[in-house]
Amino acid sequence: MPLKRSIDATPLLVVKIGGSLYKSSRLAQWVRALKTYPHRLVVVCGGGPFSDAVRDTQKIMRFNDTAAHEMALLAMEQYALALNNLFDLDLASTISDIEKLHTKGHIALWRPSPMTLKASDLNPSWNITSDSLSAWLANQLSASALILIKSIDIKTTNIISELAADDVIDPSFQDYLKEIPVNIAGPDCLKNASRLLSRGEYPGVPVFHSSQKIAS
């Protein structure tokens, strides 16, 4: 029997699943954990091997970054279509679609192209990846929190600018995060993920702008 999810005004959680997890058994484990979350949930997919194909092809064909950006959005949608097929998650292209799925108590699996191609505040470049797009969507939805599921654990820093410098997140992420709390969850976080998510709590390590870290 599907989990009955809360459709109250809050909380709403956005979770980005890294594209690099496509060949890992942890992908299915994370999805199972996410399905225990009792409130509204939106899943954003990375591009994984589909984005890699765009990068490789751009080097040969030399199409511009605007075209590459659109192709990368489609790469995220290819990943979403795979998760839709493998894990029985419902696709959503707009805020209205997301709200309708939440009203039914379903998880929304985001297809980004319809919303992002119309957004004037998203500049087409490789500096904006699914990390930044998940932050952008979280802002559009006034989400309670954002979790980035990665294939690596945070070891040395949880400052956003430093994580960007280390290529853990993309360079534009800090421009789109705004005030929404964000955690990064790597493999070590998976062992407690179901327990936390089932209680409406968030696995992962909180990350901060440098000013927030100093203030805390």
Side-chain angles (χ1 to χ4, degrees), residues 3 11-52 72 75-92 98 107-112 128-139 141 143-158 160 163-164 166-170 172-174 176-177 180-208:
L3 178 67
L12 188 158
L13 175 63
V14 175
V15 176
K16 180 252 174 165
I17 295 181
S20 60
L21 290 167
Y22 81 97
K23 55 185 176 181
S24 170
S25 62
R26 291 193 297 271
L27 175 61
Q29 294 174 54
W30 272 114
V31 173
R32 285 196 296 270
L34 291 171
K35 285 188 173 185
T36 69
Y37 186 67
H39 306 300
R40 296 178 297 163
L41 176 61
V42 180
V43 174
V44 177
C45 292
F50 311 109
S51 286
D52 292 340
M76 293 171 62
E77 296 195 8
Q78 287 179 288
Y79 200 118
L81 286 166
L83 297 195
N84 162 255
N85 176 258
L86 293 170
F87 303 113
D88 193 28
L89 298 173
D90 294 299
L91 295 163
I98 291 168
I107 296 170
L109 181 60
W110 189 45
R111 301 184 73 165
I128 296 180
T129 70
S130 53
D131 289 341
S132 286
L133 293 176
S134 64
W136 180 85
L137 179 64
N139 289 319
L141 298 172
S144 304
L146 168 65
I147 299 174
L148 305 180
I149 297 176
K150 299 281 186 177
S151 58
I152 59 172
D153 292 297
I154 295 178
K155 297 295 185 182
T156 58
T157 181
N158 59 349
I160 289 172
L163 291 168
D166 292 338
D167 292 325
V168 176
I169 53 178
D170 71 51
S172 297
F173 182 77
Q174 57 190 334
Y176 292 99
L177 179 58
I180 295 170
V182 57
N183 284 10
I184 292 182
D188 286 349
C189 301
L190 187 54
K191 57 182 178 292
N192 293 322
S194 291
R195 178 176 59 83
L196 292 171
L197 286 162
S198 66
R199 301 192 314 211
E201 299 174 7
Y202 308 134
V205 178
V207 299
F208 304 95

Around atom CG of Asn192, are there more than 12 heavy atoms from other residues, nucleotides or ligands closer than 6.0 Å? yes
Nearest 0.5 angstrom please: Leu146 CG to Leu13 CG, how far? 8.0 Å
Give the minimum heavy-atom separation between Ser144 and Pro11, together with the two atoms involved. OG-CA, 3.1 Å
With Phe208 as reference, evaluate Ile160, Leu163, Asn158 under the side-chain contact (heavy atoms from CB on, under 4.5 Å) test and give the passing residue. Asn158
Do Pro203 and Asn183 touch side chain to side chain, with heavy atoms closer than 4.5 Å? no
Validation row: Leu91, Leu81 side chains within 4.5 angstrom (heavy atoms): yes
Side chain to side chain, Ile169 and Val207, heavy atoms closer than 4.5 Å: no
Between Asp153 and Cys189 the two heavy atoms that sit nearest each other are OD1-N, 4.2 Å
Test Val15 against Trp30 for side-chain contact (heavy atoms from CB on, under 4.5 Å), laying out the working first. CA-CA 10 Å; Val15 176; Trp30 272 114; over 6 Å; no
Report the distance from atom CG of Leu12 to atom CD1 of Ile98, rounding to the nearest 0.5 Å. 8.0 Å
Could you pull out the closest heavy-atom pair between Ser130 and Gly47, with the gap in Å? OG-N, 4.5 Å
According to the interplanar angle, ranging from 0 to 90°, do the rings of Phe50 and Tyr79 count as parallel (below 30°), tilted (30 to 60°) or perpendicular (above 60°)? perpendicular
So, do Cys45 and Tyr22 sit near enough that their side-chain heavy atoms are less than 4.5 Å apart? no
Less than 4.5 Å apart, side chain to side chain, heavy atoms only: is that true for Trp136 and Pro112? no
Quick one: are Pro187 and Arg26 in side-chain contact, heavy atoms under 4.5 Å? yes
Contact check, side chains of Phe87 and Leu109, non-hydrogen atoms, under 4.5 Å: no
Looking at Asp88 and Lys35, is there a salt bridge between them, counting it only when a charged N and a carboxylate O are closer than 4.0 Å? no
If you measure from CD on Glu77 to CG on Asn84, what distance do you get to the nearest 0.5 Å? 11.5 Å
Quick one: closest heavy-atom pair of Asp131 and Lys150, and the distance? OD2-NZ, 2.9 Å
Please test Phe173 against Val182 for side-chain contact (heavy atoms from CB on, under 4.5 Å), starting from the C-alpha separation and ending with a verdict. CA-CA 11 Å; Phe173 182 77; Val182 57; 4.0 Å; yes
Say whether Ser151 and Ser20, considering side chains only, have a donor N or O and an acceptor N or O under 3.5 Å apart. yes
Provide the closest heavy-atom pair for Gly200 versus Pro38 in the form atom of the first, atom of the second, distance. N-CD, 4.0 Å
Measure the spacing between CG of Asp170 and CD1 of Ile128 and express it to the nearest 0.5 Å. 7.5 Å
Can you name the one residue among Val44, Leu148, Val31 that meets side-chain contact (heavy atoms from CB on, under 4.5 Å) with Ile17? Val31
Starting at CZ of Arg32, measure out to CG of Leu197 and round the result to the nearest 0.5 Å. 13.5 Å
So how far is it from Lys16 NZ to Ile149 CD1, rounded to the nearest 0.5 Å? 9.5 Å
Quick one: are Lys155 and Asp188 in side-chain contact, heavy atoms under 4.5 Å? yes
